[in-house]
Amino acid sequence: MLSKKMHDALNAQINAELWSAYLYLSMSMDAADKGLKGVANWFAVQFKEEQDHAQILINYVLARGARVELAPIAAVETSWASPLAMFEDTLKHEKEVTAMINDLCAIAEEDRDRASSNMLIWFVDEQVEEEQSAADIIAELNMVGDDKLGLYMIDKEMAARVYEAAAPLASKE
């Protein structure tokens with residue numbers, strides 16, 4: 001059984017993951033509008049991954065016999081000055097998500113909730129990957145600066161990114 005504090009925090013995280021999906025969908029649409037098909041693809045894949053993260057948490061809350069409570073999704077930005085600005089916002093956002101996951105881990109420890117602690121390990125690892133991915137792309141974009149050929153090459157590389165269902169979802173199928 002989930003404590004009230006953990007239940008509330010998990011519901012907040014579900015809604016945060018859905019907001020993240022909405023943010024990345026907005027970034028994808030803005031990149032597509034700017035003719036950056038690869039960047040648009042990268043964020044479209046990220047959109048699907050964030051939906052997976054929400055679904056993993058939803059499945060967990062339901063498996064623990066608790067109710068999922070969805071809240072309205074707040075507005076997100078719809079335009080960025082450049083791909084670099086998009087990825088800087090992505091890194092900033094992912095660091096905020098990491099802090100939220102760490103808070104969930106602290107609640108699980110406080111509650112001595114081993115099941116939640118175990119489930120959250122996947123999210124801890126995922127956040128390391130999310131932050132590193134955004135930081136790597138920022139470094140590449142900074143390296144090419146205003147070089148349009150460099151941006152073209154990065155955009156082509158991002159076009160190759162393919163969606164794969166998150167491991168906890170894929171293992172259930």
Side-chain angles (χ1 to χ4, degrees), residues 9-10 12-57 73-109 117-171:
L10 285 168
Q13 189 66 42
I14 289 166
N15 286 284
E17 298 293 344
L18 292 171
W19 187 88
S20 296
Y22 198 51
L23 173 67
Y24 294 138
L25 180 61
S26 182
M27 288 178 171
S28 178
M29 298 299 98
D30 188 46
D33 187 56
K34 289 175 168 64
L36 298 165
K37 292 179 183 177
V39 175
N41 175 66
W42 194 95
F43 281 112
V45 170
Q46 197 64 26
F47 162 71
K48 292 175 187 173
E49 284 188 4
E50 298 303 329
Q51 290 178 309
D52 283 357
H53 299 169
Q55 190 63 57
I56 292 163
L57 293 166
I73 297 176
V76 296
E77 285 187 52
T78 58
S79 183
W80 287 262
S82 66
L84 179 59
M86 288 178 187
F87 283 98
E88 287 172 338
D89 280 359
T90 296
L91 181 57
K92 179 181 176 221
H93 176 67
E94 289 300 338
K95 287 181 177 186
E96 291 167 0
V97 173
T98 297
M100 292 177 72
I101 296 297
N102 288 339
D103 289 346
L104 282 168
C105 291
I107 295 168
E109 288 175 25
S117 290
N118 189 50
M119 181 273 301
L120 290 167
I121 293 298
W122 183 87
F123 283 93
V124 170
D125 293 342
E126 179 69 7
Q127 283 310 118
V128 170
E129 181 184 314
E130 298 280 16
E131 287 186 28
Q132 185 63 55
S133 179
D136 288 349
I137 294 167
I138 290 168
E140 288 179 7
L141 290 168
N142 279 324
M143 190 181 318
V144 300
D146 293 331
D147 180 11
K148 291 186 185 212
L149 180 59
L151 178 58
Y152 172 80
M153 297 300 292
I154 291 170
D155 190 62
K156 284 292 188 193
E157 182 181 314
M158 289 182 179
R161 186 178 188 203
V162 177
Y163 166 74
E164 293 180 27
L169 290 178
S171 65

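Residues Phe123 and Met100 are not in side-chain contact: their nearest non-hydrogen atoms beyond the backbone lie 4.5 Å or more apart. Taking 4.5 Å as the limit, some side-chain heavy atom of Ile101 sits within range of a side-chain heavy atom of Gln13. Asp146 places none of its side-chain heavy atoms less than 4.5 Å from the side chain of Leu151. Within the 4.5 Å cutoff, the side chain of Ile138 has heavy atoms near those of the Leu84 side chain. In this structure the side chain of Val97 never reaches within 4.5 angstrom of the side chain of Glu130, judged on heavy atoms. Counting heavy atoms from C-beta outward, Met153 and Lys156 have side chains that stay 4.5 Å or more apart. Put simply, the side chain of Trp122 reaches to within 4.5 Å of the side chain of His53, judged on heavy atoms.
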Self-check item: side-chain contact (heavy atoms from CB on, under 4.5 Å) between Gln46 and Thr90, worked out
Solution: CA-CA 10 Å; Gln46 197 64 26; Thr90 296; 5.8 Å; no
Exercise. Begin with the C-alpha distance, continue with both residues' side-chain angles, and end with the deciding distance and a verdict on side-chain contact (heavy atoms from CB on, under 4.5 Å) for Val76 and Leu25.
Key: CA-CA 10 Å; Val76 296; Leu25 180 61; over 6 Å; no
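For Trp80 (side chain) and Met27 (main-chain N/O), no donor-acceptor pair under 3.5 Å exists by modelled atom type. Judged by distance alone, with hydrogens and angles left aside, the side-chain atoms of Asn41 form a donor-acceptor pair with the main-chain N or O of Ala159 at under 3.5 Å. Not one N or O on the side chain of Ser133 forms a donor-acceptor pair closer than 3.5 Å with the backbone of Glu129. The backbone N or O of Pro83 sits nowhere less than 3.5 Å from a side-chain atom of Lys34 that would complete a donor-acceptor pair. Although no hydrogens or angles enter the test, the distance criterion places no donor-acceptor pair under 3.5 Å between the side chain of Glu94 and the main chain of Gln127.
Shown here is Tyr152, whose OH atom has no more than 12 heavy atoms of other residues, nucleotides or ligands within 6.0 Å. Heavy-atom contacts from other residues, nucleotides or ligands closer than 6.0 Å to CD of Glu164 number 12 or fewer.
Considering CZ of Phe47 and OG of Ser20, their distance stands at 11.5 Å, rounded to 0.5 Å. How far CG of Leu23 is from CE of Met86: 10.0 Å, rounded to the nearest 0.5 Å. Here Asp147 contributes atom CG and Leu141 contributes atom CG; the two are 11.5 Å apart, rounded to the nearest 0.5 Å. In this structure, CD1 on Ile137 lies 4.0 Å from CZ on Phe87, to the nearest 0.5 angstrom. For the atom pair CG (Asp155) and CG (Leu36), the distance works out to 5.0 Å, reported to the nearest 0.5 Å. The structure places CE of Met158 at 6.5 Å from CD1 of Ile154, a figure rounded to the nearest 0.5 Å.
The two residues Ala40 and Ala31 come nearest to each other via the heavy atoms N-CB, 3.6 Å. Thr78 and Ser26 make their closest contact through CA-OG, 3.3 Å (heavy atoms, listed as atom of the first residue, atom of the second, distance). Here the shortest heavy-atom pairing between Ala21 and Gln51 reads CB-CG, 3.9 Å. Between Leu10 and Leu57, the shortest heavy-atom contact is CD2-CD2, 4.0 Å. Here the closest non-hydrogen pair linking Ala81 and Ala85 is N-CB, 4.2 Å. Residues Ile56 and Ala166 share a closest heavy-atom pair of CD1-CB, 3.7 Å.
A salt bridge does not link Lys48 to Asp52: none of the charged nitrogens lies less than 4.0 Å from a carboxylate oxygen.
Ring geometry for Phe43 against Tyr24 counts as parallel: the plane angle stays under 30°, on a 0 to 90° scale with 60° as the upper cut.
Side chains of Glu17 and Gln55: no donor on one and acceptor on the other come within 3.5 Å.
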